[in-house]
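Remember, it's a predicted structure, so these values are computed and weren't measured experimentally. Atoms considered below: every heavy atom in the structure, side chains included; atoms not considered: hydrogens, waters and symmetry mates.
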Amino acid sequence: MRIVSFRSGTRSSIARRTGQTLRRNLLPVLLLFGITQPVRASGTEGRPAHKPHLQLTLYKDSVRLAESGKTPREASHYLTRLGSLYLSLKRNQEGIAYFNQWLKANPGRLQTTMAAATYLALGNLYPSTTARKSIALEAFGKAVRIYRTRKDHRGLADALLHEGKALERTKQTAQAVVRFDEALSLAKKAKDQPLQRVLYGRLAEAHGDLGKYKQSMEAMARYTELDEKIRAGELRAKEIAMQHRTDEMRGQQLESQLLAEEMEERSVMAESQVLEKEKDLRSTKRTLRESQRITRERQLEIENLRKADQIKELTLRKQEATIRFERYVRNSLIALGGLGLVFLGIVYWSYRQKRKANVLLTRQKAEIQQQHDEIEQQSIALREAIHEIEKKTQNITSSIVYAQRIQQSILPDWQEIKHYFADSFLLYRPRDIVSGDFFWFARRDGKAIIVAVDCTGHGVPGAFISMAGHTWLNHIVNERGVTQADEILNHLHRELRQALRQATSENRDGMDLALVVVDERARTLEFAGAKNPMVIIRNGELQIVKGDRHAVGGHQHEEERRFTRHVFDLVPRTHFYLFSDGFQDQFGGEDNQKFMAKRLHRLLHERHHDPMVEQAAALEQTLDGWMNGHRQIDDILMMGFRV
């Protein structure tokens, strides 16, 4: 009942994935018959039809004309158009009738991919129109045979998936599992991960219906692994594309800014040149005024000093000065005209360049705004995707929390253990919500059996193995009556390897554990371990009893694996401790190192005189101080007893 409840939380997601695969498999058939396109009338190709009932009449007339003209291929074409149009009008019975009529009209094409696709479509449409589910099974069977004959492995995998679903609807779940397994093998060869994900989901549900909970959990684990991988790949691809697009836009924006700065710098330089030319012009004007002043002074001097004997000389000088002045004025005017033309040319060129730069900047700003809007839309889509992922993560976490309640419900009641071992403690810290470490306790034939188990992995995978291990221990001890320490491990090893098919598969999951059997009548303590040790303290001396070097389950080199039994006499005030490797492997301290087994043994020896409750508090306080904010890396389990 617990496993069924756990599976029910994922039934909706499996159904949704299967529905998506159904749509994906039907899409080629619908496209083949024109279902997904607007129906077009004969003679009106290129224009969408707006009156479906008029199209029905036209297609029926076209079929009659094609049949009377003995053109069967054209008649078949309009038969499929009629079937597609009836299905678009949700008149499925009439649409199916025309698809069947196409099959009857094409007896020579019944082994083609077209016929297989037709049978596949009919098989999916029959359950919506009739209660005769056997007709759908027959249609799927024909599609399977055609794809098998044509060696179309991809089409065969799809057909087997749909046939398996039809068998489930008729309560033939065992046969459905056979179809799903074959389809899964073909999907693996084709490396089609989405189809594998759907098939693992169908197998998880089918095995659950058959009561095969272990196979159901294995299939569900593969389904979850593929689902996370596919989704992670899709999300990573979107993030990379978004980053590339953002980098490209940033580069374009930077280039635009650099171009604008360059144009501004050129404009400033042009204005500086114009100002310099104006300064030269003003200097020339000042020179001209100074020349005019000098000329006037010389004219006054000539008038004052005019004498008879100097008239010719003064006249000659005046003529020379006038000639020089006119030449100077002429040259100055020519220079000023040239400078004015250069100035006007520079101003006009600067104006043209600045206008071009403004047009370019306006265009680039529009492009940048458009790209910004696209990025904003993509950011909104990304936030929605993240919200969806967070929602699904919350759902998964809720499912795992429920699984935690299931796991805790199967663990022994510690009060029952304290009733037998009055002075004892339990330190149990799963790394995640559920744990791969668990403890087990039973009493039989005057003996008390206590086990500390560390399964492969942690979290959900480890929890699966732990629940199976709890069931196997109940079966071995409580049902078979095995109470000898080494024999319990021998039986558990065989059970695990047989259940996980480790002799023929690549599965290497297993358990590291320490098991103690306390015989009340014989006053002995038996120990058997798979990689994990037992620490025993008697008369103040600490002894480490090592387990065998191999684990329960996993790879087996030897012909038969046998575990070792250690037997000790029960001495008053004997302390023994069982634990997984989570405590000693925890990183922390000032140098972020492992706690290590030696430090743990020294701590147990120092505090073993204290009551077990105080020892547990000291262990927890030491562990918290050692971690000091570091992340817990593994599940932690430790138990102590005094007998």
Side-chain angles (χ1 to χ4, degrees), residues 2-3 211-215 217-218 406-407 409-414 416-417 420-421 435-456 462-503 507-522 524-534 545 547-556 558-567 576 578-580 637 639 641:
R2 299 189 181 101
I3 297 176
K212 299 180 178 180
Y213 302 129
K214 184 178 71 65
Q215 292 91 330
M217 288 190 293
E218 291 176 355
I406 296 174
Q407 186 182 35
S409 67
I410 68 171
L411 292 175
D413 185 357
W414 188 254
E416 179 184 354
I417 299 176
Y420 186 81
F421 297 103
S435 173
D437 289 2
F438 74 98
F439 57 96
W440 185 86
F441 174 77
R443 296 184 65 185
R444 184 178 177 89
D445 301 330
K447 298 178 179 180
I449 300 101
I450 186 77
V451 190
V453 186
D454 183 359
C455 299
T456 301
F464 282 153
I465 301 298
S466 70
M467 294 175 69
H470 185 276
T471 303
W472 291 328
L473 285 169
N474 280 333
H475 178 69
I476 294 169
V477 176
N478 295 327
E479 295 181 17
R480 294 185 181 177
V482 179
T483 59
Q484 189 170 304
D486 57 332
E487 286 299 322
I488 295 174
L489 267 60
N490 294 335
H491 281 74
L492 183 59
H493 174 73
R494 289 192 292 269
E495 289 280 353
L496 190 149
R497 282 183 54 81
Q498 181 179 2
L500 300 184
R501 301 178 183 174
Q502 293 184 337
N507 185 285
R508 293 294 178 266
D509 294 332
M511 301 177 184
D512 300 341
L513 59 87
L515 182 146
V516 168
V517 178
V518 177
D519 192 335
E520 301 171 355
R521 288 174 294 192
T524 60
L525 184 149
E526 297 178 6
F527 167 76
K531 300 184 77 172
N532 284 358
M534 173 186 68
V545 186
D548 294 289
R549 291 186 296 176
H550 40 250
V552 171
H555 192 68
Q556 178 176 320
E558 63 273 25
E559 181 176 351
E560 183 179 7
R561 180 167 296 178
R562 306 289 297 179
F563 291 87
T564 306
R565 179 170 66 120
H566 304 269
V567 183
F576 66 94
L578 308 177
F579 43 84
S580 65
L637 171 63
M639 296 184 292
F641 307 88

So, the side chain of [X] versus the backbone of [Y]: is there a donor-acceptor pair under 3.5 Å, distance only?
X: Arg444; Y: Val482; answer: no
X: Glu495; Y: Trp472; answer: no
X: Ser466; Y: Gly436; answer: no
X: Arg561; Y: Val552; answer: no

Under 4.5 Å between any side-chain heavy atoms of [X] and [Y], yes or no?
X: Ile465; Y: Met511; result: yes
X: Phe439; Y: Leu578; result: no
X: Met534; Y: His566; result: no
X: Val451; Y: Ile488; result: no
X: Tyr420; Y: Phe641; result: no

Of all heavy-atom pairs between [X] and [Y], which one has the smallest distance, and what is that distance?
X: Asn532; Y: Leu513; result: CB-O, 3.7 Å
X: Ala485; Y: Phe527; result: CB-C, 4.2 Å
X: Asp509; Y: Gln502; result: O-NE2, 2.6 Å
X: Phe441; Y: Ala448; result: CE1-CB, 4.1 Å

*Determine, for Arg480 against Glu487, whether the closest basic-nitrogen to carboxylate-oxygen distance falls under 4.0 angstrom.*
no
_Short N-O contact, Lys212 and Glu218, less than 4.0 angstrom_ = no
*asked:* If you count heavy atoms of other groups shown closer than 6.0 angstrom to CD of Glu520, is the number above 12?
replied: yes
*asked:* Within this structure, what is the NE2-CZ distance for the pair His493 and Arg562, rounded to the nearest 0.5 Å?
replied: 10.5 Å
*Pair Ser580-Asp437, side-chain donor/acceptor within less than 3.5 Å*: yes
*His550 vs Phe563 aromatic rings, parallel, tilted or perpendicular, using cut-offs 30° and 60°?*
perpendicular
